[in-house]
Every structure is written in C-alpha cells, then in structure tokens.
Novice: 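Submitted below is the structure of interest, expressed as structure tokens.
Predicted model, so just to flag it, every value in this text is computed and none were measured. Chain letters run A, B, ... following the sequence lines, proteins first, then strands; residues in each count from 1.
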Protein chains: 2
Amino acid sequence: MQIRNVKILGTGKYLPARRIYSDEMDRRLGTPDGWTLRKTDVRVRHFADGETASAMGAAAAEEALKDAGLKLSDIDCLVCTSGTAEQPIPSTGSLIQKAMGGEYSGIPSFDVNSTCLSFLTGFDLLSYLVEAGRYERVLLVSTEIASVGLNWNHKESGALFGDGAAAVVIGRSAEEEESRIICSRMETYSKGARYSEIRGGGTRIHPREHGPGREEDFLFHMDGKAIFKMAAKLLPSFVDKLLRPAGLSMADIQHVIPHQGSAMAMRLITSRLGISQEQLVYITPNHGNTIAASIPMGLHEAAVQGRMKRGDRVLLLGTSAGLSLGGMVLVY
Amino acid sequence: MQIRNVKILGTGKYLPARRIYSDEMDRRLGTPDGWTLRKTDVRVRHFADGETASAMGAAAAEEALKDAGLKLSDIDCLVCTSGTAEQPIPSTGSLIQKAMGGEYSGIPSFDVNSTCLSFLTGFDLLSYLVEAGRYERVLLVSTEIASVGLNWNHKESGALFGDGAAAVVIGRSAEEEESRIICSRMETYSKGARYSEIRGGGTRIHPREHGPGREEDFLFHMDGKAIFKMAAKLLPSFVDKLLRPAGLSMADIQHVIPHQGSAMAMRLITSRLGISQEQLVYITPNHGNTIAASIPMGLHEAAVQGRMKRGDRVLLLGTSAGLSLGGMVLVY
C-alpha cells in the first residue's frame, strides 16, 4: 500500500464544437438507422474540426487552473498524458505549454503514454514527486483527436470514439485533509500488444509508405473480442490485488470512474466486479471513448455535477492497448 | 535538493550491424569528401536495416539485465524512454516487453517522452517510485531509429544522427552504499517548440497527407542556430540552479555525460560550463546523435570502459526539442 498525500485541486474539460450524433454516424458507417446507438450507447460524440490537440488541451487546462484558483505560473510541471501525439517531435506537453502562453515559463513539460491509461499512469507517477516535495502542483492534460485515425470500414471501432480533452491539477494535501491516494497498480501483458494498434506512422512503417492498399496500416485496428476475453479474465484478480492490500472491497468505493472504452466494456466491469449503477460514473452516451481523456473527463463530470464530494472514495480503473490494466483508489 | 537512494544496477547497449562511415555519408548527402567528418566529428554511425526499435531495445535490455545479474522476472516496471515511437499504438514499452518474451509477465510497461531527454526524464520520475518502495527494480530502455525520418536535403541534421538502443536497470541503494541521486532538474521553454520538429505523423498532419510536396512535413527539421543560441543563453544558469542547492560546482564532478546532440553542442557545453576534456564522456565519433539513447549509451560506455567507478560523481546533462534542458547528478 502506497499512501500519498496528494489531492485533486481542480479539473477541466474541453469538447470541440462539432457534434456527431448517432444517426450521422450511421450514415457515415453505412449502418441501418439506430445501429450505432444500439451497439455503442453513444448518442453524441464530438469531432475536432481544424483544432489542434494542444489547443484543446490548453482549453481544458485553463479550466482546471481556474477551478483550482491557480494560474500557469503556479504550476511546477506539465505532463501531457495522452494516447495520441499532435506530432512526432516535440512532445505534446511542450506544445500545450506553448498554447497556454507559457513560452518563457520554464515549466518542465513532457509526455507519459500508456495509450488509454496515460492519465492514470501519469497521475500515479507524478503523485510520488508531489509527495516527495519535488513539485508542489502538477498539471496533467489528456487531449485526444481520435477521429483522424479511425477506420470507417471497421464499424465496431469507428462508432466508439470521440475527441476531447480533460485536465487535472494535483497538489500536496495538508495534514488535516482527508484527500489522498490510497493505492494504485498497473499490469501489462504484451500477449495482447497487437489486439489494438495503429501499425504505421512511427519508425516501423514511416508515413512515406502510405498509399493505395496501405491505408489500413495507418488506421486504428482493434480485435474487440480478444481484448474483451483477456480483460474479462485478468480484471477480477487485478482489482483484488489493488484493493485487498488496502483493506478495501468494492463496497467501500463511492464512485467508480472507468475508462469508457465501450458500452460492452462497461457492462463487463460492472457485472464481473460487482459495481452498481449508483457507483458507476458513466459518460459514454455524450462523449464516446475519448482515449486517455476518458478517465479525467469522468473525474471532471463527477466533480462538477456535485456527485463526487470531498472525502468520497473513488476508484479509477481501466484497460488500454498494451494490453495494460490500471487502477487507483483515492479519497477525493 | 532531492536525494534518492537509487543506484544504477546495470547497463547495456545495442547497435545495428550496418555501419555508415563518414565518406558514405558524404556521398549520400552529395557533400565534398571530408565534409561530414569535419562538420560533425561522426566517423561512423549505425543505421537499422529492417530491425524494429523494440527488438533493438530488447537486445540492449537483455545486456543490461545480464550486467545487473538479473532476469526479466526481477523487474517491476519497464519504461521505454525514447524520443521516437515504433508505432502510434500501443506504447513502445509494451512492444519491448513482448520482444523480451514477457507476454504474460504483467510487468507494467509504458513510455515517457521528452524527445532527446526522455531517458533523463524517465530516470528522474521512476527514481521517486524506487525510493518510495513502489518498485524495487526498474528497466529503462531508450531505442531509436532516427534514420527513417532524416531529411537528406538538410545536410546539417542528416549527417548528425545514428540509430541504436541503450538500457539501464535502476534499483534501491542500500544504506551503507554511496550510490545515490543527488539532484535533478528540468526546464522547458516552448518558445523553442518549433526549433526542432517533425510536423507530420501525429493527429495534426495524418500520414494520409503524405505525398508530393509534403515529404518534408514528415521529416526531421532543425533550426540549429536558433537552438544553439537559446541553449547557450539558458544552460549556464540552468546548471547553476542544478548544482548550487546541492553545494556542488563543476569541479566536484568526475564525469559529465551529455546528450551528444552535435559536436558543436559539445563544444558549447564544455566551453560555457567549464567542463574539461577529462570530465567529458564523448561518444559522438562512433555513435552520432542517437536521440534519447545518447545519454544511457554514454553511461554504458563510461561503465564498461572502467572509466566511471562506484563513488564517482556523474552529471547527466542535455537539451532536447521542446525546448527542454535536463540535468541530474548522481553518485555511481
């Protein structure tokens, strides 16, 4: 058990203006009316329209700073915790710093990437630096443009995703405060490394190889069944290893904020892990799967809706490409 | 000052078999005989030839494990600390775990990216988790294939880089051991975010936009003069802020292991920071700039050559795209 006296100081989100409703998605995918909504439970997702990921991230970050009553100069470290990058070089963290007007700030800015679990991984890592006093306040930003890399021939995955950004400011919790991180855990089983991937665009398949017949190499590929099978098998014991050393069971958790991978994944975790509808923070219907922004967006929604209150125990939980499992229990 | 009782347990490196000597580089660039060597001081660099970054990283990691007398199952966390990614999804960390045969290992695996400073950033971050007891032993792997993204029309940058991988195992240092991290620091000035970049390949410019007239968007672009000017201005005070709180001056350091950005950058840091030839670990002539693998490769070379001994004070130092500056002082 690794208690860290770290708390969430503020949250923010940004969604692009352009809304894609499920009926528009049906037309885009060539599916019968109602197919998208029935399959995915996503009524509306937002798609970026000329916006950059760094501008979206900066907007979410500004809102999180405002929520925390802070300004950029109060921040000691900026970490982009996204599953996608705006460009290969430099880090998206640097580009977010620039978009926030921090060109001369000197704030250390870099990226942490574990695909859909990037926020959780970044939060987990940086909490140790906040606890140790290296940084007082850290800005975590997840900003995702999924829509450019979707494969419209693969209806099951194409219908799931939305674009958006979310940001969280973390800082040290005072002695008398309840807020803290109770425990966190991550596991990666690369047996599933190819179950969800974009093969092209990095050093293995350079963009110059894009062309007729190679398009799919540069689009998101997902073997939903294989992921579901592997996650279903691994999740119960993962959650047990997360909660048990902290003396917790699922009944001790007020809010479960999962990575909103898909409606199917949500049903899996609620049924296999004994999570009630009252515990579950479910934002899939009006966001879709926003990759790594999904968990901080759920945190933001639970906070602004007044549903999550100081002192509540919160479980952040998800799976990602890799295949990785990640979880954290915190007192908000 | 942030002392961490963390030590380097082992190091490894891997260079692809294919060697590109400076005369071959002259022919490739269309420069006069001797130009590459005179400009870059790189006699030979290695270029990957069909190898993947994850396979290269796994080879370096195996050597580091062997050096530390460990096997993969002794590792609690695997972090890919590269400036380039093998593919956009999943993380290169997962792919390295797979290449090492760790498919069912469950070892948490993810990426930390601050371009050329990724190793330093990852080492810095994870040292806090080792110090706190979250992970006992962490494997850091930097694996870079620069050669696929170089712009041969831009001779100054094209001539600089080499491919390669390096890995370092870190773990907790026992009470009675001298080995520890004394201090570390990072600063990012996004004023320089566009001084070195690859614009295309992420969400801003998707690979589908690759085509005639757009090739350079997907290749490395560097404004060497602007970087040099900014780094020259920022480095002296950065190093002062790193060393002074620890009560150290450059004379207290036995080995300076810089990011081998270019021979020009090496001259800059030695002249401006008062680093002697005896202190400098200089591996540019037979490696080139291997992006984030450059610093751990220097560490490996200094260790295997017997030059760096337990108890020696070592300064890791560099700049990266972002523009970031990073430094760490450790007792080996």
Novice: Checking A:R204 against B:S54 for the side-chain hydrogen bond (donor to acceptor under 3.5 Å, both in side chains) test, could you report, in this order, the C-alpha distance in whole Å, the side-chain angles of both residues, the deciding distance, and whether it holds?
Specialist: CA-CA 10 Å; A:R204 187 159 78 95; B:S54 58; over 6 Å; no
Novice: Counting only non-hydrogen atoms closer than 4.5 Å, does A:S109 touch chain B with its backbone (N, CA, C, O), its side chain (CB onward), both, or neither?
Specialist: both
Novice: Measuring heavy-atom distances to chain A, does B:S105 have an atom under 4.5 Å in its side chain, in its backbone, in both, or in neither?
Specialist: both
Novice: Heavy-atom count check: over 12 atoms from other residues, nucleotides or ligands less than 6.0 Å from B:E215 CD?
Specialist: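 Yes - once you tally the heavy atoms of other residues, nucleotides and ligands closer than 6.0 Å, there are more than 12.
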Novice: Do the side chain of A:E86 and the main chain of B:G202 share a donor and acceptor less than 3.5 angstrom apart?
Specialist: no
Novice: Return yes if some donor-acceptor pair links the side-chain N/O of B:E197 with the main-chain N/O of A:I89 below 3.5 Å, else return no.
Specialist: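 The answer is no, because no donor-acceptor pair under 3.5 Å joins these two groups.
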Novice: Report yes if some heavy atom in the side chain of B:I198 is under 4.5 Å from a heavy atom in the side chain of A:Q87; otherwise report no.
Specialist: no
Novice: Check B:S320, B:S324, B:S118, B:S114 against A:F110 for a side-chain contact (heavy atoms from CB on, under 4.5 Å) and give me the one that passes.
Specialist: B:S114
Novice: At a heavy-atom separation under 4.5 Å, does A:A85 approach chain B through its side chain, its backbone, both, or neither?
Specialist: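 For A:A85, the backbone is the part near chain B, not the side chain.
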Novice: With a 4.5 Å cut-off on heavy-atom pairs, point out which of B:C80, B:G211, B:S184 contacts chain A the most.
Specialist: B:S184
Novice: Please round to the nearest 0.5 Å and tell me the distance separating atom CD of B:E209 and atom NE2 of A:H210.
Specialist: 10.0 Å
Novice: Could you check which of B:R194, B:R208, B:H221 has the highest count of heavy-atom pairs closer than 4.5 Å to chain A?
Specialist: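 Most heavy-atom pairs within the cutoff with chain A belong to B:R208.
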Novice: For B:K241, I'd like to know if atom NZ has over 12 heavy atoms of other residues, nucleotides or ligands within 6.0 Å.
Specialist: yes
Novice: Side chains of A:I107 and B:T188: does their closest heavy-atom pair fall under 4.5 Å?
Specialist: no
Novice: Can you tell which of B:S196, B:G326, B:G102 has the highest number of heavy-atom pairs within less than 4.5 Å of chain A?
Specialist: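 It is B:S196.
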Novice: Search all heavy atoms of B:Y128 against all heavy atoms of A:Y128 and return the closest pair with its distance.
Specialist: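 Where B:Y128 meets A:Y128 most closely, the heavy atoms are CB-CB, 4.1 Å.
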Novice: Using non-hydrogen atoms and a 4.5 Å limit, figure out which bit of A:L117 sits close to chain B: side chain, backbone, both or neither.
Specialist: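 Neither part.
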Novice: Which answer fits A:L95, side chain, backbone, both or neither, if we ask what part of it has an atom under 4.5 Å from a heavy atom of chain B?
Specialist: side chain
Novice: Roughly how far, to the nearest 0.5 Å, is CG of B:D111 from CG of A:N113?
Specialist: 5.5 Å
Novice: Judged by atom type as modelled, is there a donor-acceptor pair below 3.5 Å linking the side chain of A:H206 to the main-chain atoms of B:F218?
Specialist: yes
Novice: What distance separates A:S190 OG from B:Q97 CD, expressed to the nearest 0.5 Å?
Specialist: 3.5 Å
Novice: Between A:Y195 and chain B, with a heavy-atom cut-off of 4.5 Å, which part of the residue counts as in contact: side chain, backbone, both or neither?
Specialist: neither
Novice: Tell me, out of B:S91, B:S94, B:P88, who's got the most heavy-atom pairs with chain A below 4.5 Å.
Specialist: B:P88
Novice: Might you work through the side chain to side chain contact (heavy atoms under 4.5 Å, CB included) test for A:R134 and B:D124, ending with a clear yes or no?
Specialist: CA-CA 11 Å; A:R134 168 68 177 276; B:D124 195 6; 2.8 Å; yes
Novice: Checking heavy atoms, do the side chain of A:T92, its backbone, both or neither come under 4.5 Å from chain B?
Specialist: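 Neither part.
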Novice: Side chain, backbone, both or neither: which part of A:L219 has a heavy atom under 4.5 Å from chain B?
Specialist: side chain
Novice: Picking from A:G200, A:P108, A:C116, A:A321, which has the most non-hydrogen pairs under 4.5 angstrom with chain B?
Specialist: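 Greatest number of close heavy-atom pairs with chain B: A:P108.
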Novice: Side chain from CB out, backbone as N, CA, C, O: work out which of these in A:R214 comes under 4.5 Å of a heavy atom of chain B, or both, or neither.
Specialist: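 For A:R214, there is no contact with chain B at all, as no heavy atom is under 4.5 Å.
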Novice: Are the side chains of A:L125 and B:L129 in contact, using a 4.5 Å heavy-atom criterion?
Specialist: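 A side-chain contact under 4.5 Å exists here.
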